[in-house]
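As the structure lists them, so they are numbered: ligands from 1, and atoms in each ligand from 1. Numbering of residues begins at 1 and proceeds along the displayed sequence.
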Amino acid sequence: MHQTDVLVIGKGNAALCAALAARDCGVNVTVLEAAPPEESGGNSRFAGGVMRFAYDGAADLQRVTDIPADEVDTVDWEHNTQDEFYDDLYKVTAFRTDERLSELLVTRSLDAMAWLRSQGARFVPNYRHQSAVVDGKRHFFGRMPLIAHGGGPGLVQSLTDTVERKGVKIFYDTRAVSLIYDGERVVGARTKSSGKPVDFHAKAVVLACGGFESNPEWRTRYLGPGWELAKVRGTRFNMGDGLRMALDIGACPYGNWSGRHAVSWERYAPEFGDLSLPESSYRHSYPLSLMINVEGKRFVDEGADFYNYTYAKYGAEVLRQPAQAAWQVFDAKVKHLLRPEYGDRRVTKVSANTLEELAAGMEGINQAAFLKTVHEFNAAVRKDVSFDHSVRDGRSTVGIDPPKSNWANPLDTPPYEAYAITCGITFTFGGVRIVPESGQVVDVNLHPIPGLYAAGEMVGGIFYFNYPAGTGLVSGAVFGRIAGDGAGEAVRQQ
Ligand SMILES: Cc1cc2nc3c(=O)[nH]c(=O)nc-3n(C[C@H](O)[C@H](O)[C@H](O)COP(=O)(O)OP(=O)(O)OC[C@H]3O[C@@H](n4cnc5c(N)ncnc54)[C@H](O)[C@@H]3O)c2cc1C
């Protein structure tokens with residue numbers, strides 16, 4: 001049996017932020033991590049590390065990172081004003097996002113970034129994916145100019161170092177299995193620690209142990225038939241335990257329980273993410289492609305927007321296709337614009353000098369239908385608008401369904417390449433309901449449950465249907481900090 005003040009369950013970004021915020025209230029903090037050290041850190045450790053937060057220009061970015069003096073003016077750093085962040089969040093969630101949660105997310109996002117920096121995290125300009133040199137000047141696009149140094153692994157490592165330096169004890173290979181609840185307040189958690197049952201008693205518990213994306217049975221139950229067949233992009237440890245434990249004692253479910261973040265993903269990727277090659281299965285360059293299923297048909301507007309705003313919902317569209325699969329097809333004109341992982345050794349791809357040869361190599365595809373689709377598409381492209389991948393260029397198609405709204409190029413320049421994809425699930429949107437200002441979990445009568453807090457993927461009500469890229473880590477930092485602070489202050493005042 002162990003005793004602590006604040007018990008944080010999970011060791012991803014949200015949990016580490018909660019642990020740091022609670023510790024800064026001057027109370028004892030203990031962290032429980034289901035995974036062994038080498039697999040610890042949750043989805044946060046798999047993340048690319050792009051960060052979406054509100055900022056007005058380079059001066060705000062300098063609160064978060066050191067921008068060399070000569071680059072402050074020579075680079076177009078773009079902006080993501082609070083209004084723009086709200087617009088993006090409201091638009092992609094079809095105006096469903098919880099008003100108060102999204103307000104806190106948006107208005108506290110820049111502060112959270114500066115706070116992460118003060119806790120040892122480092123951020124650098126995201127030149128690799130979110131910028132382009134146009135007429136001799138570097139421009140950012142997509143409203144995410146900064147990335148965690150070392151990506152998700154770098155972020156988790158730096159926060160882990162700080163947590164340990166501040167005297168927080170981390171128990172690895174320790175899976176919380178239930179909450180210790182006296183009928184009125186939560187006073188700890190029962191765990192399986194290195195195979196043995198161990199109880200941890202605490203004055204407050206913060207649940208930050210992710211969603212249920214790794215659990216095929218829950219995916220089928222809540223997301224629907226077929227979701228057990230999705231590949232998991234990240235950790236194998238997020239089985240929905242935190243949600244189950246909270247619901248078991250009467251916590252109120254909240255948000256889009258049938259919703260999830262899911263993307264186009266290497267068709268033959270392993271069952272879970274691979275920390276040694278975390279980005280090798282990404283297939284995010286599809287706005288430059290035609291996505292075609294095995295029946296030879298297109299099924300989405302590949303160019304509806306920058307990938308940031310469509311990738312998280314298009315995975316579900318791929319899952320709906322026959323064999324839960326499709327192809328992304330490119331020609332030589334855009335090859336140099338593809339993300340680096342398209343050149344990885346793990347890709348499943350076909351290359352050919354004619355469309356007919358390409359079709360012949362695309363396993364299982366209806367070749368005649370594929371060629372018809374491509375020829376109709378080529379004829380529908382508006383050639384009067386020029387192509388520019390760094391803006392929504394409006395180079396669209398006319399008279400076909402689905403249309404392609406931007407970056408439409410005829411497939412006419414060999415060699416052609418087709419990449420096989422399936423659906424990769426990132427995380428689930430359903431969660432528990434919290435008091436936004438304190439992170440305290442509420443029960444089904446909407447009364448706060450004494451001693452219980454939640455953060456990160458476990459908080460329901462923020463994302464519905466879709467998600468703007470780069471929001472997960474920032475949301476984890478904002479609400480991790482709120483929950484850690486809420487729990488730490490409550491304990492301090494006891
Ligand atoms: C491949 C990939 C790329 C991504 N890229 C980005 C990006 O660039 N930018 C961005 O903002 N977001 C990105 N995301 C999303 C982002 O990673 C998540 O939104 C975020 O990490 C969620 O943080 P979290 O702390 O809530 O959960 P997690 O980081 O998943 O942490 C959950 C923790 O709980 C632990 N746990 C689970 N069950 C138990 C239990 N019963 N007892 C104890 N511990 C338990 C897990 O082991 C883990 O440590 C990406 C995700 C993936 C998978």
- Task: Assess I147 for proximity to ligand 1: is some non-hydrogen atom of it under 4.0 Å away?
- Result: no
- Query: So is G41 in contact with ligand 1, going by heavy-atom distances below 4.0 Å?
  - Reply: yes
- Message: Show me which atoms of ligand 1 lie under 4.0 Å from any heavy atom of I9.
- Response: 42 (N), 43 (C)
- Query: What residue and heavy atom of the protein are closest to atom 43 (C) of ligand 1, and at what distance?
  - Reply: A34 N, 3.4 Å
- Looking only at protein heavy atoms, identify the closest one to atom 5 (N) of ligand 1 and say how far it is in Å. G48 N, 3.1 Å
- Task: Going by heavy-atom distance to atom 8 (O) of ligand 1, choose the closest among G49, G12, A47.
- Result: G49
- State the CZ-CD distance between F429 and E213, to the nearest 0.5 angstrom. 10.5 Å
- Message: Is the shortest side-chain heavy-atom distance between K203 and V27 below 4.5 Å?
- Response: no
- Measure S475 to ligand 1 on non-hydrogen atoms and call it side chain, backbone, both or neither using the 4.0 Å cut-off. neither
- Message: Does the Lys NZ or Arg CZ of R283 fall within the cation-pi geometry relative to Y342 - under 6.0 Å from the ring centre and within 45° of the axis?
- Response: yes
- Query: Per the side-chain contact (heavy atoms from CB on, under 4.5 Å) rule, which among V198, L32, T30 passes with H2?
  - Reply: V198
- Message: Ignoring hydrogens and geometry beyond distance, is a side-chain donor-acceptor pair present between R233 and T426 at under 3.5 Å?
- Response: yes
- Checking heavy atoms under 4.0 Å, the part of W265 that sits near ligand 1 is neither
- Note on the structure: atom 11 (O) of ligand 1: closest protein heavy atom, distance to 0.1 Å, is L473 N, 2.8 Å
- Considering distance alone, does some N or O of M245 sit under 3.5 Å from an N or O of ligand 1? no
- Note on the structure: closest protein heavy atom to atom 3 (C) of ligand 1 is Y282 OH, 3.2 Å
- Item | Distance (rounded to the nearest 0.5 Å) between Q119 CD and K166 NZ | 3.5 Å
- Query: Taking only heavy atoms of G42, which atoms of ligand 1 are found under 4.0 Å from at least one of them?
  - Reply: 28 (P), 29 (O), 30 (O), 31 (O), 48 (C), 49 (O)
- Mark up the atoms of ligand 1 that fall under 4.0 Å of a heavy atom belonging to L32, in ascending order. 43 (C), 44 (N)
- Message: Could you check whether D66 and Q62, counting side-chain N and O atoms only, form a donor-acceptor pair closer than 3.5 Å?
- Response: no
- Message: Does the residue S40 have a heavy-atom contact with ligand 1, meaning some pair of atoms that are separated by less than 4.0 Å?
- Response: no
- Which of the listed options, A208, G476, C209, holds the heavy atom that is closest to atom 39 (C) of ligand 1? C209
- Heavy-atom proximity to atom 12 (N) of ligand 1, picking from F427, Y467, F463, points to Y467
- Query: What is the ring orientation for Y311 with H284, classed by angle as parallel under 30°, tilted 30 to 60°, or perpendicular over 60°?
  - Reply: perpendicular
- Query: Applying a 4.0 Å heavy-atom criterion (strictly less than), which segment of T174 is in contact with ligand 1: side chain, backbone, both, or neither?
  - Reply: backbone
- Message: How far is atom 42 (N) of ligand 1 from the closest protein heavy atom, and which atom is that?
- Response: A176 N, 3.0 Å
- Message: Counting non-hydrogen protein atoms only, what is the nearest one to atom 23 (O) of ligand 1? Give residue, atom name and distance.
- Response: S44 OG, 3.3 Å
- Query: About how many Å separate CD of E33 and CD of E39, when rounded to the nearest 0.5 Å?
  - Reply: 9.5 Å
- Does ligand 1 have a heavy atom under 4.0 Å from the side chain of T471, from its backbone, from both, or from neither? backbone
- Message: Suppose we measure from atom 49 (O) of ligand 1 to each protein heavy atom; which comes out shortest, and what is that distance?
- Response: E33 OE2, 2.7 Å
- Will you find, in the side chains of T310 and Y286, an N or O donor that is under 3.5 Å from an N or O acceptor? yes
- Message: In terms of relative ring orientation, are W77 and Y127 parallel, tilted or perpendicular, with 30° and 60° separating the classes?
- Response: tilted
- Message: Between R244 and D248, does any side-chain N to carboxylate O distance fall below 4.0 Å?
- Response: yes
- Item | Within reach of ligand 1, part of D241 (heavy-atom separation under 4.0 Å) | side chain
- Query: Relative to atom 28 (P) of ligand 1, which among V156, D173, N43 owns the nearest non-hydrogen atom?
  - Reply: N43
- Item | Atoms of ligand 1 close to F46 [distance to a heavy atom under 4.0 angstrom, numbered from 1] | 1 (C), 2 (C), 3 (C)
- Task: Could you tell me whether R63 and D111 have a side-chain N and a carboxylate O separated by less than 4.0 Å?
- Result: yes
- Query: Going by the order shown, which atoms of ligand 1 are within less than 4.0 Å of some heavy atom of F237?
  - Reply: 37 (C), 38 (N), 47 (O)
- Going by the order shown, which atoms of ligand 1 are within less than 4.0 Å of some heavy atom of G456? 26 (O)
- Item | Donor on one side chain, acceptor on other, Y309 and D88, under 3.5 Å | yes
- Query: Hey, what do you get for CD (E341) to OG (S281), rounding to the nearest 0.5 Å?
  - Reply: 9.0 Å
- Message: Test your reading of the structure: does T426 have an N or O sitting under 3.5 Å from an N or O of ligand 1?
- Response: no
- Query: How far is atom 26 (O) of ligand 1 from its nearest protein heavy atom, and which residue and atom name does that atom have?
  - Reply: E457 N, 2.8 Å
- Among A477, G431, A14, G10, which residue places a heavy atom closest to atom 25 (O) of ligand 1? A14
- Item | Minimal non-hydrogen separation, P153 against A47, with atom names | CD-O, 3.9 Å
